[in-house]
2 protein chains.
Amino acid sequence: MTDGSRPASLRAATLADVAREAGVSPAAVSKVIRGAYGVSDGMRERVGAAIERLDYRPRTAARAMRGTTTTFGITVPQLGNEFLTTVVRGAVAALDGTGFDVILAPSEFASSMHAVESLLDRQVAGIVAIAPPSDPERLDRLARHVPLVQLGGHQYSERFDTVAGDDRAGARLVVDHLLGLGHRRIAHLTRAYAAEDEQRVDPHSLRLVTYAAAMRTAGAEPQVTQSEASEESAHAAALRLLDGADRPTAIFAANDTLALGVLRAVAERGLTAADVSVAGYDDIDIARHPLLDLTTVDQRGDEMGRTAATMLLERLDGRTEPRRFCTDPRLRVRGTTRPAPVG
Amino acid sequence: MTDGSRPASLRAATLADVAREAGVSPAAVSKVIRGAYGVSDGMRERVGAAIERLDYRPRTAARAMRGTTTTFGITVPQLGNEFLTTVVRGAVAALDGTGFDVILAPSEFASSMHAVESLLDRQVAGIVAIAPPSDPERLDRLARHVPLVQLGGHQYSERFDTVAGDDRAGARLVVDHLLGLGHRRIAHLTRAYAAEDEQRVDPHSLRLVTYAAAMRTAGAEPQVTQSEASEESAHAAALRLLDGADRPTAIFAANDTLALGVLRAVAERGLTAADVSVAGYDDIDIARHPLLDLTTVDQRGDEMGRTAATMLLERLDGRTEPRRFCTDPRLRVRGTTRPAPVG
DNA sequence: TTGTACGCGTTATCAA
DNA sequence: TTGATAACGCGTACAA
């Protein structure tokens, strides 16, 4: 009671301020705000008016201290990646109107595990971890404290849910498509971290393994080139492929960003789809642009995001058994893949 | 003292747990964590070991309650917008290694004011509001409680800082370029909310006003068409332009996303840059792709993001006078703008 | 150098 | 239907 009338205009109004203004108890205000059971109409009205007058807003941090939050967190490993933004948009859209917020934790410069933990420290009500790294045990431990969906990987767990595309099926769609067009020298451009290792369950490794197996089955020699995530880097790698001996007649890029780099290299060398076919993965918006017209695989990013959000809501609703969701990839055949040149 | 030995494995360890484990006081642990003054080496060591053993992590929410946070928040009005992700990446990069985090609040479905307030409720240490809406007074009030940078608008204030591109200069670069190529029927495609009103200070309105003025000065008639933010919508609007009477020989799109829709429409109608020139704004990555090769304006999104982050740090460091930063736009002339067709 | 005690704003429990 | 009270985890005066 040192200073009940301090200029409350500067200090943002708290729940206690509202209670004082309305002449009721803090507990009552809290109930009104949360729409809890057991408040008279008169109470609701008076409190509402006080909130209005004081321009009061509940402090999320204080709520978080009590354990409950209405915010989900999503980690974003690459901000510029259109596929990921599609996923995030799907999740945000699914949560619209449910009373749940979303915050994004970019993990471009930190490890994506760090991003997950940063979200956890903020007491989010649930986490969507997009393509997190190689520490499934840690993820498993964290999932004891929060509902967690791992998106984009195939590391199954008893504790968290999983959303992914069927990368094996998708990669096979592409390779079969190219083989069907008569291509034999099909190169695969993938991220540097991907490995042809049956243990690996990240999307790019799965695509790589599937590609290599399909090639060998067809009696063709796999030809793998690696690059970093950027279009730049893919462009450089593609130039190496095109300028090297035994130039491939088709290049399967592990995602659309890489494919754009390949297309750039192809164009710069004065080649067209009649010379070198190009296929990508993700079906980002720009892929269907008639000037690019990229053949690619649609793995329904928006559906992934929607599903992940729904899974978190289900967990909050009491579900305890893990769920696994896999989208069915669809090949989008466009102009960048053509029959193999004869000879 | 009801249950000092409860299975702490499930409940995440708190600062008090660490203190107990290390046999010291909570205050001591707090000091060690923050690297505060006045801790012996032995203390630091013991506490460090206990933190390690218990896998302790400070709760951001609890810290926030005390008023201090090391997190900046950025609102993102459109997740798919490449220019915005460039800005965000710039900010994140600038904060790398400073000990400050970033969280993103998507405002796609809510008003962007709502996103700002959601960040404020989380007690972030500073906010970058990207292109917030028409309520500068409210923004001004909020800026009394947190360091705030308004990015992308030109609403100056005594309370918050501003980062923007020089939209007038940029728009003039484009229009002068097109006029210089001999174009007279230059249409402008802009967002529906933009208005030719000297009072308006949002980027799209500024570009629109500048365009219209430059056209009239040149004795040409402005022709303005509107669309929503999406490439889809821009595509439809462009088709209307191309199919209408008195087809323009050049289209100036207010940003690159819209320009992509225009390019699609142009391609679909069997036209090329020789028939209809197209220019955009932002210089997103894909614009320089040889298959698109879009003439556009680079307004240095990464520099904007970096500057905004730096401004927040400066505010935290004690600066109180507002700063205004404006990037110098540069025209990137590429293949989509050509001399006006004769006749 | 270390520890004690309190307060931040909210919600849940329980009593009135 | 309402209100008093006790946490939640952390940082910080202040005392030891």
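So you know, we letter chains A, B, ... as the sequences are listed, proteins then strands, and number each from 1.
Inspection of the A:Arg44 and A:Ser40 side chains reveals no N or O donor paired with an N or O acceptor under 3.5 Å. There is no side-chain donor-acceptor pair under 3.5 Å between A:Glu108 and A:Gln78.
Helix bend of the helix from C:dT1-D:dA16 to C:dA16-D:dT1: the angle between its two end axes, each built from five pairs, comes to 40° after rounding to 10°.
The existence of a salt bridge linking A:Arg57 and B:Asp121 is confirmed by a sub-4.0 Å separation between a basic side-chain nitrogen and an acidic carboxylate oxygen. Between B:Asp161 and B:Arg315 there is a salt bridge, since at least one side-chain N of the basic residue sits less than 4.0 Å from a carboxylate O of the acidic one. The existence of a salt bridge linking A:Arg141 and A:Asp135 is excluded, since no basic side-chain nitrogen approaches an acidic carboxylate oxygen closer than 4.0 Å.
For B:Glu314, the CD atom is densely surrounded, since the number of other residues' heavy atoms within 6.0 Å is greater than 12.
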Next on the checklist: One character per nucleotide, please: for nucleotides 10-16 of chain C, 5' to 3', B when the base has a protein heavy atom closer than 4.0 Å, S when only the sugar-phosphate does, - otherwise.
Outcome noted: BBB----

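Here A:Glu303 pairs with A:Arg300 under the salt bridge (charged side-chain N to carboxylate O under 4.0 Å, His left out) rule; sequence neighbours left out. B:Arg159 meets the salt bridge (charged side-chain N to carboxylate O under 4.0 Å, His left out) test with B:Asp140; sequence neighbours excluded. Every residue two or more places apart in sequence or in another chain was checked for a salt bridge (charged side-chain N to carboxylate O under 4.0 Å, His left out) with B:Arg46, and none qualifies.
Contact between A:Val88 and B:Leu79 at its shortest, heavy atoms only, is CG1-CD1, 3.4 Å.
The CD atom of B:Gln123 sits 14 Å away from the C1' atom of D:dG11 (whole-angstrom rounding). As rounded to whole Å, 13 Å separates atom P of C:dC8 from atom CE of A:Met65.
A heavy atom lying under 4.0 Å from DNA chain C marks none of the residues of residues 42-55 of chain A.
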